[in-house]
Protein chains: 2
Amino acid sequence: MQFSKSTDYALHALIHLGHSERCNNVGIKELSGALGVSESYLSKIMSKLRQDGIVRAVPGVKGGYELARPADQITFLDVIQVIEGRQQLFECSNSSSRQHLLLAEEGAAQGDQERPGKNECLVEKVMNGAEQHLYQYLREHTVQSILNEAFKRCKHEANKK
Amino acid sequence: MQFSKSTDYALHALIHLGHSERCNNVGIKELSGALGVSESYLSKIMSKLRQDGIVRAVPGVKGGYELARPADQITFLDVIQVIEGRQQLFECSNSSSRQHLLLAEEGAAQGDQERPGKNECLVEKVMNGAEQHLYQYLREHTVQSILNEAFKRCKHEANKK
DNA sequence: CTTATTATGGATAACATAGGTCTACAATAA
DNA sequence: TTATTGTAGACCTATGTTATCCATAATAAG
Ligand code: SF4
Ligand code: SF4
């Protein structure tokens with residue numbers, strides 16, 4: 001249960017992009033150099049981000065990448081879901097077992113759907129709840145919020161001198 | 001980013017154990033049958049749970065497994081950490097990159113530890129925060145709480161008849 | 001004490017995924 | 001037109017997951 005390195009790379013790349021929005025396009029070479037990752041691998045990750053509308057890419061001389069929308073509208077959750085996929089944290093793998101009957105069907109199957117959707121499995125309910133908590137937190141943090149904090153630190157440092 | 005099937009099995013096994021605490025020991029055969037998982041594989045998972053003090057095991061005739069502590073003291077987090085390990089959700093993999101300098105060291109390295117521990121990286125800060133949120137939720141749900149809810153459902157069903 | 005029963009730990013293997021490289025190709029700004 | 005830059009796919013390797021089998025150790029019942 002860990003985020004993959006790709007997610008790490010993607011986040012850092014986006015922060016770099018957000019940080020240098022003045023000059024419009026950032027090439028893969030600059031990104032690769034800044035992050036210390038090979039161009040070939042990083043370009044794969046950037047392609048994924050492009051396909052999901054997080055960044056725009058323009059080929060050709062002086063081409064490169066830029067954020068497709070304002071940095072405060074790119075959440076950590078967005079990035080993670082692009083790279084890690086959108087499967088849920090917990091997916092039941094033995095719903096045909098005897099166990100299942102005790103936990104999920106008890107009050108639902110016989111009462112011919114009095115309250116539809118209420119027959120959720122108890123284990124899944126907990127796990128989906130956990131997932132939603134995690135996601136909510138990740139939705140509240142954006143690329144911009146990282147940039148802001150970095151700027152604050154920098155300013156604070158300058159004042160001290 | 002998904003929990004493994006082993007975690008799924010472990011949770012279900014513990015719920016089964018909690019559910020049949022009357023008769024002291026539950027053998028691997030009964031568990032395996034109830035969950036629909038092979039004995040050999042499930043026993044590996046049970047061993048792990050034993051090594052971490054979640055269950056007790058006794059070999060020999062009429063042996064088997066039982067919970068090592070009350071079901072309300074076995075949290076989802078406990079189980080998940082035993083099976084999935086205790087690495088953190090996010091582990092930085094390129095702290096020697098140029099990026100790193102912008103985000104983590106800015107105000108910390110030069111001020112010879114005025115506030116120790118405050119020089120945390122901004123990306124990690126968000127991710128560790130997310131992890132803590134997730135863990136807090138998982139700490140609040142125990143094997144017992146599942147059992148309770150299952151019982152409540154059952155009773156509610158009986159009343160309806 | 002003997003024995004049938006039960007859990008344990010190691011070896012092994014199929015399979016999937018992550019992490020990474022390379023190359024031919026497409027797009028485009030100069 | 002062309003040099004530059006991103007795209008897409010094939011390909012490879014290492015690692016982790018899921019799973020099985022077997023020899024061994026422990027123990028409760030007889
Ligand atoms: S109780 Fe829930 S998690 Fe368990 S087998 Fe049924 S659906 Fe799956
Ligand atoms: S900024 Fe944080 S996540 Fe990024 S390289 Fe430095 S320590 Fe790692």
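Naming convention: chains lettered A, B, ... in sequence-line order (proteins, then strands); numbering from 1 in each chain.
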Identify the 5'-most and 3'-most nucleotides of DNA chain D with at least one atom closer than 4.0 Å to a non-hydrogen atom of chain A.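 Contact boundaries, 5' end first: dA3(D) to dA10(D).
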Counting neighbours of NE2 on H16(A) that are heavy atoms of other residues, nucleotides or ligands and sit closer than 6.0 Å, is the number greater than 12?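 More than 12 heavy atoms, drawn from other residues, nucleotides or ligands, come within 6.0 Å of this atom.
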Given that M1(A) and K62(A) both sit by DNA chain D, which one's nearest nucleotide is further toward the 5' end?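 The 5'-side residue here is K62(A).
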State, yes or no, whether a side-chain contact exists between [X] and [Y] at a heavy-atom distance under 4.5 Å.
X	Y	result
I80(A)	M1(B)	no
Y65(A)	I28(A)	yes
R69(B)	I54(B)	yes
L89(B)	M127(B)	no

If the condition is side chain to side chain contact (heavy atoms under 4.5 Å, CB included), which residues does A130(A) pass it with, not counting sequence neighbours?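 Partners of A130(A) by the side chain to side chain contact (heavy atoms under 4.5 Å, CB included) criterion, ordered by chain and then number, come out as L134(B), Y137(B), L138(B).
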Base, sugar-phosphate or nothing for F3(B)? Non-hydrogen atoms, less than 4.0 Å.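 No contact.
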List the steps, then state whether side-chain contact (heavy atoms from CB on, under 4.5 Å) holds for V123(A) with I15(B). CA-CA 10 Å; V123(A) 180; I15(B) 292 169; 3.9 Å; yes
Determine whether a donor-acceptor pair (N or O, by modelled atom type, separation under 3.5 Å) exists between the side chain of H12(A) and the backbone of D8(A).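 Pair found, side chain donor or acceptor close to backbone of D8(A).
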Examine distances only and state if a side-chain atom of E84(B) and a backbone atom of S4(B) form a donor-acceptor pair shorter than 3.5 Å.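 Present.
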Check DNA chain C against residues 36-59 of chain A and give the residues with a non-hydrogen atom under 4.0 Å, in numerical order.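 The stretch gives S38(A), S40(A), Y41(A), K44(A), P59(A) as the residues lying under 4.0 Å from the strand, ordered by number.
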Quick check on contacts: within residues 78-89 of chain A, what sits under 4.0 Å from DNA chain C by heavy-atom distance?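 Within residues 78-89 of chain A, no residue comes under 4.0 Å of DNA chain C.
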Just jot down the salt bridge (charged side-chain N to carboxylate O under 4.0 Å, His left out) partners of R98(A), sequence neighbours excluded, or say none.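 Listed in chain order: nothing, the list is empty.
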Nucleotides bounding contact with chain A, strand DNA chain C, heavy-atom threshold 4.0 Å: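 On DNA chain C, the outermost contacted nucleotides are dG19(C) to dA29(C).
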Using only heavy-atom distances, determine whether the side chains of N148(B) and S145(B) contain a donor-acceptor pair under 3.5 Å.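 Looking only at side-chain atoms, S145(B) and N148(B) do not form any donor-acceptor pair under 3.5 Å.
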To the nearest 0.5 Å, tell me how far K44(B) NZ sits from L49(B) CG.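 Rounded to the nearest 0.5 Å, the NZ-CG separation comes to 14.0 Å.
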Intermediate values then yes/no, side-chain hydrogen bond (donor to acceptor under 3.5 Å, both in side chains), E140(A) and Q136(A): CA-CA 7 Å; E140(A) 286 162 7; Q136(A) 187 51 41; 3.3 Å; yes
